[in-house]
Amino acid sequence: MKPLMLIQPNSKKIKGFTLIEMVMVMVLLGVMAVGIGSFISLATQTYVNVSARDELIASARFAIERMNREIRNAVPNSIRIADSANIQCIEFVPILASTTYIDIPVAPEPNLNEISVIPFVGEDGNDYSCGPTCLDLVTVYPLTTTDIYNQSFIGIGKSFRVNSFTPTAGVNEWTIPLAPPLVGSGILFDADSPTKRAYFFRDPVSYCVNNQHELIRYSGHGYNSTPLTIPTGASSLMAENLMSPAPPTSKIPFSITNATLTRNAIVQISLGFERDGEIIVFDHEIHVANVP
């Protein structure tokens, strides 16, 4: 009799990872994670830096372009600079309108309270007008800042206040009334302009770089015999993160080269901007085309 044999069913081998294999996989995954993370972090930081630089450049360009447009439209010889500790301002008077005059009272002619001009348009694109509370002024042949800012109240000078004026349509000549002087019976301009130009304007404007490294625009602060480093009136923040003076040559923010017989006045702007270690310097020249 043959002995009985126990036959066991076939069983599959149990497969798995050894501890060493698991450790090796974890190490490899960790190395890959560090590499990928560094790559993503570098790309993200580069994007952030480029965005910040673009924002800084855009802010600087906006401020300088705004200044460029306003200063180029300044009344001739109205640009001046104020300096104090860590604050510098450039002040000027924007032109509202200009025209060719036909006649103004100049010695030895008698004093008058009016001028005759060729019709012209105002800043709104329509015929020039000035209401009952008119605050506009007119100047003829201003050669210095004193001719603009030190307005005459005795009837003799180069800048006078305009009285209420409403234009007449369809005529070739306007007679614009001027406000009577505080002293005397009429107005007398110092001199005629070789180009017969009359400039109409209102309030001065100032751009200041302050000790908080900001560029501020001021308006409505009125006329002063000397420029102000802390103007009053309405203010608008134009740019931040300024360096004063600007590197690398420590230039001051604003400087003026006065006009001569062979060229116009030139305003030099040098502004340095810094943010997170990034330094951007703008050197810009503005040619003031308007002449007396």
Side-chain angles (χ1 to χ4, degrees), residues 48-83 86-98 121-125 145 148 199-221 227-231 233-259 263-291:
V48 170
N49 291 341
V50 170
S51 298
R53 189 181 302 112
D54 287 344
E55 182 182 350
L56 186 63
I57 292 175
S59 174
R61 284 178 174 170
F62 166 78
I64 291 177
E65 180 62 22
R66 176 71 181 269
M67 293 177 63
N68 180 69
R69 294 186 180 187
E70 289 199 271
I71 292 175
R72 283 180 62 86
N73 191 47
V75 173
N77 299 311
S78 69
I79 304 171
R80 60 183 185 175
I81 290 175
D83 267 312
N86 300 321
I87 300 177
Q88 191 188 45
C89 298
I90 183 168
E91 185 179 23
F92 56 93
V93 179
I95 297 172
L96 290 179
S98 65
V121 298
E123 59 179 343
D124 60 358
T145 56
I148 302 295
Y199 292 95
F200 292 78
F201 57 96
R202 195 169 296 154
D203 288 322
V205 169
S206 294
Y207 280 86
C208 298
V209 177
N210 61 24
N211 50 14
Q212 280 79 43
H213 307 292
E214 299 170 329
L215 178 65
I216 307 292
R217 181 185 185 274
Y218 295 93
S219 61
H221 49 276
L228 302 177
T229 54
I230 306 179
S235 62
S236 301
L237 176 63
M238 304 301 295
E240 298 178 290
N241 306 301
L242 268 77
M243 304 176 68
S244 180
T249 56
S250 297
K251 295 180 180 178
I252 58 176
F254 310 113
S255 60
I256 300 174
T257 302
N258 292 323
R263 59 159 174 77
N264 296 330
I266 298 174
V267 175
Q268 179 74 36
I269 299 176
S270 183
L271 298 178
F273 297 82
E274 180 182 20
R275 179 189 292 175
D276 299 330
E278 288 280 348
I279 297 177
I280 300 172
V281 179
F282 282 84
D283 281 319
H284 186 67
E285 283 188 354
I286 302 174
H287 292 258
V288 184
N290 298 313
V291 295

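- No donor-acceptor distance shorter than 3.5 angstrom exists from the side chain of N73 to the backbone of P94, with no hydrogens or angles considered.
- Note on ring orientation: taking the six-membered ring where Trp is involved, the planes of F273 and F282 are perpendicular (angle over 60°, cut-offs 30° and 60°).
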* To do: Start with the C-alpha gap between E274 and N241, add the side-chain angles, then the distance that decides, and say whether side chain to side chain donor-acceptor pair (under 3.5 Å) holds.
  => CA-CA 5 Å; E274 180 182 20; N241 306 301; over 6 Å; no
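- Residues in residues 73-82 take part in these salt bridge (charged side-chain N to carboxylate O under 4.0 Å, His left out) pairs, two or more places apart or across chains: R80-E91.
- Contact check for F200 versus I95: no side-chain heavy atoms found under the 4.5 Å cut-off.
- To the nearest 0.5 Å, atoms CZ (F92) and OG (S206) are separated by 8.0 Å.
- What you find for S78 and V93 is that their closest heavy atoms are OG-N, 3.2 Å.
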* To do: Please step through side chain to side chain contact (heavy atoms under 4.5 Å, CB included) for the pair V291 and N264, ending with a clear verdict.
  => CA-CA 8 Å; V291 295; N264 296 330; 3.6 Å; yes
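- From E285, atom CD reaches atom OG of S255 across 8.5 Å, with rounding to the nearest 0.5 Å.
- For the side chain to side chain contact (heavy atoms under 4.5 Å, CB included) test, residues two or more places apart in sequence or in another chain that qualify with D203 are Y223.
- Annotation for S235 and I216: closest pair CB-CG2, 3.8 Å, computed over non-hydrogen atoms.
- Counting non-hydrogen atoms of neighbouring residues, nucleotides and ligands closer than 6.0 angstrom, the CD1 atom of I230 reaches no more than 12 such neighbours.
- Shown here for T229 and C89, the closest heavy-atom pair between the two residues is O-SG, 3.4 Å.
- Closest approach of G125 and V121 over heavy atoms only: O-CG1, 3.9 Å.
- Of the possible donor and acceptor atoms, none in the side chain of N68 sits under 3.5 Å from a partner among the backbone N and O of I71.
- Between V75 and N290 there is no side-chain heavy-atom pair separated by less than 4.5 Å.
- In summary, of the residues considered (R72, E65, M67), a side-chain contact (heavy atoms from CB on, under 4.5 Å) with R69 occurs for E65 alone.
- The CD1 atom of I87 sits 7.5 Å away from the CD atom of Q212 when rounded to the nearest 0.5 Å.
- Residues V205 and S219 come closest through the heavy atom pair CG2-CB, 4.4 Å.
- Counting all heavy atoms, side chain and backbone alike, S59 lies closest to M238 at OG-O, 4.1 Å.
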* To do: Carefully, step by step, assess L237 and E214 under the rule side chain to side chain contact (heavy atoms under 4.5 Å, CB included).
  => CA-CA 7 Å; L237 176 63; E214 299 170 329; 3.8 Å; yes
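- Atoms CG and CD1, on L271 and I252 in that order, are 11.5 Å from each other to the nearest 0.5 Å.
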* Begin with the C-alpha distance, continue with both residues' side-chain angles, and end with the deciding distance and a verdict on side chain to side chain contact (heavy atoms under 4.5 Å, CB included) for L215 and Y207. => CA-CA 7 Å; L215 178 65; Y207 280 86; 4.3 Å; yes
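- Residues that satisfy the side chain to side chain contact (heavy atoms under 4.5 Å, CB included) test with N258, not counting sequence neighbours, are I256.
- The structure places CD1 of I90 at 11.0 Å from CD of E70, a figure rounded to the nearest 0.5 Å.
- To the nearest 0.5 Å, atoms NE2 (H213) and CD (E240) are separated by 11.5 Å.
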